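Only heavy atoms go into these numbers, but all of them, side chains included; no hydrogens, no water, no symmetry mates. None of the values given here were measured: they were computed from a predicted structure. Labels below follow one simple rule: chain letters A, B, ... track the order of the sequence lines, proteins then strands, and each chain is numbered from 1.
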There are 2 protein chains.
Amino acid sequence: MIGQEHWGLPGGYVGKDENIDDAAIRILKTRTGAEKVFLEQFKTFGNTGRSEKDLSYLPESIWFRQRFLSVGYYALVDYEQIIPVVDDISTACEWKNVHELPDMMMDHRQIYEAALETMRFQLNYKPIGYNLLPEEFTMPDLQKLYETILGKPLSRGNFQRKMLGYDIFIKHDKERKGGAHRSPILYSFDQVKYQAALKTGLKEAW
Amino acid sequence: MIGQEHWGLPGGYVGKDENIDDAAIRILKTRTGAEKVFLEQFKTFGNTGRSEKDLSYLPESIWFRQRFLSVGYYALVDYEQIIPVVDDISTACEWKNVHELPDMMMDHRQIYEAALETMRFQLNYKPIGYNLLPEEFTMPDLQKLYETILGKPLSRGNFQRKMLGYDIFIKHDKERKGGAHRSPILYSFDQVKYQAALKTGLKEAW
DNA sequence: GGCCCATTGTCTCATTCTGATACAATAATA
DNA sequence: TATTATTGTATCAGAATGAGACAATGGGCC
């Protein structure tokens, strides 16, 4: 952020004649190039005085000197395929490792944590992996993805049992060779079932 | 709503120097008198053209002719203890039966449905009942509350087993007499455990 | 080619959770 | 005292979950 030593989460304005969901799609596309990925609103942040510091040296017209709301959205993308793009008010834009997050401006840390919490929670109800894994992947691949998001290890056997129980995969008749051990079976997502599961959810509640 | 034949959900403006959570608390208090009840943000609505009708006969300054966002909050209150209060731009404000909901302005129907969905979902993770039931209540009372929210009947025995398993109640050594049948046992919420369950959630996820 | 090792697929077992149902307890009433 | 409606509680089968075992397999090594 120009004139600030702190990083911030990427964001942008909502156009006066733009739906907020469309704004999220547009901003994601502008800043990352990503399209048609999982993108969901999770929470709106609207505390006053969100910027603790004295910002009077900045022009009054700048957004974070006025009253504003941040409608939080999070997206799931494959970071290797994404090149972050700087915007007008920033000096840099890049990926950061979640285990080495720098200090962030205003309440962005809190926003990040709310997004993470929502995402972990959603993991129980919505399938993930499409767009995050290659077209063909193995169960250990998928498990690593879940473990990364949850930040903790999962039991192999039980993970596989649970996932396959969801019945959203297409099993291929081939394995991925490589490594001095048994080869894992390759799967793809069954798009029809995957999309259906996204809508109806993986679990019933009551 | 003045000049409109349709009803709307109660709402209000956020002050320029007011946190949105505080605004929700204030508006709830103003319109219902309720304080210190369960009140939670669930979703933000920001489509353009949310009012389908031609509103050009109204002054441009009126809020729903301009661009606006609605940050949705829902509260749980005992409707017998609440008297809805009219605001400046409305002609009436009253309770409606959810099974006989009138047509609502703009996207308020959608907002209502999102709130209901969130609430039903949360039922699995957060205890409810405090402020909605009298200080002392029975398991059948609580079950009726759940059934009302979920809109479907639940099995008696299993409901009781599950609830008591949460261990958030204080069991009293008395029953509520009345009716030609066995008297149900009276319970209260254990405030410490109840509040703890509100924070940590009733279920673990992964 | 035969042996070893790391990882994977799959099975089993015990525990817990859930849905369905049954039955005994109890208060009001006749 | 018998009847009835509702409640408290137990039981049973099935599903879901956590922990662990074991066989299968591909590559490296000799």
Rounded distance in Å - CG (A:L142) to P (C:dT8): 13 Å
Sugar-phosphate, base or nothing in reach of B:G178, heavy atoms under 4.0 Å: sugar-phosphate
B:Q122: partners by side chain to side chain donor-acceptor pair (under 3.5 Å), with sequence neighbours left out: B:E40
Short side-chain N/O contact to D:dT17 OP1/OP2 from A:K162, under 4.0 Å: yes
Side chains of residues 110-117 of chain A: which donor-acceptor pairs under 3.5 Å do they make with residues two or more places apart or in other chains?
from   : atom 1 : to     : atom 2 : distance (Å)
A:E113 : OE2    : A:R109 : NE     : 3.1
A:E113 : OE2    : A:R109 : NH2    : 3.4

For A:D167, all residues meeting salt bridge (Lys or Arg N to Asp or Glu O under 4.0 Å), sequence neighbours excluded: A:K193
Heavy-atom protein contacts under 4.0 Å, nucleotides 3-12 of chain D, coded B base, S sugar-phosphate only, - none: -BBBBBB-B-
Gap between atoms CG and P, on A:D141 and C:dT7 respectively (whole Å): 14 Å
d(NZ, A:K177; P, D:dG28) in whole Å: 13 Å
Counterpart residues, side chain to side chain contact (heavy atoms under 4.5 Å, CB included), relative to A:K171 (two or more places apart): A:I185, A:Y187
Value in whole Å for how far the P atom of D:dA15 lies from CG of A:D167: 16 Å
Between C1' of C:dT26 and NZ of B:K174, the distance in whole Å: 19 Å
Length of the CG-P vector between A:L202 and D:dT17, whole Å: 11 Å
Salt-bridge present (A:E147, A:K152; N to O < 4.0 Å): no
Spacing between A:Q143 atom CD and C:dG9 atom C1', to the nearest angstrom: 13 Å
Between D:dT25 (P) and A:R176 (CZ): distance, integer Å: 19 Å
Sequence-distant partners of A:F137, ring pair (Phe, Tyr, Trp, His ring centres under 6.0 Å), two or more places apart: A:F189
